[in-house]
Amino acid sequence: GSVLIKANDHIALTAGEQININGSKICMVSAESIVLNAKGNINLLCADLVKSGPLSGIMSILQGDVLSFIQTVRQTCK
């Protein structure tokens, strides 16, 4: 099954000890920023870490007016 949580303001998950979020694929999307704040460590265990935009692979091969058009579209799709 599926679980969908939506809010216009805040969603708060609070636990006295631990919160687990598990899934074969987990997607976090933000129009502005995602903040991870910890007094201790933030451990990242992964095979690969990719830092890029969804169109970054083709951006380097495009030039001229097409590139500026795509960049404009990317800004409006946030």
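In this text, all values refer to a predicted model and were calculated from it rather than measured experimentally. Side-chain atoms are counted along with the backbone in the values below, which use heavy atoms only and exclude waters and symmetry mates.
Around CD1 of Ile21, the count of heavy atoms belonging to other residues, nucleotides or ligands within 6.0 Å does not exceed 12. Residue-environment remark: CG (Asp48) stays at or below the threshold of 12 foreign heavy atoms within 6.0 Å.
Grouped by direct or indirect side-chain proximity (heavy atoms under 4.5 Å, Ile/Leu/Val/Met/Phe/Trp/Tyr only), Ile5 sits with Val3, Ile11.
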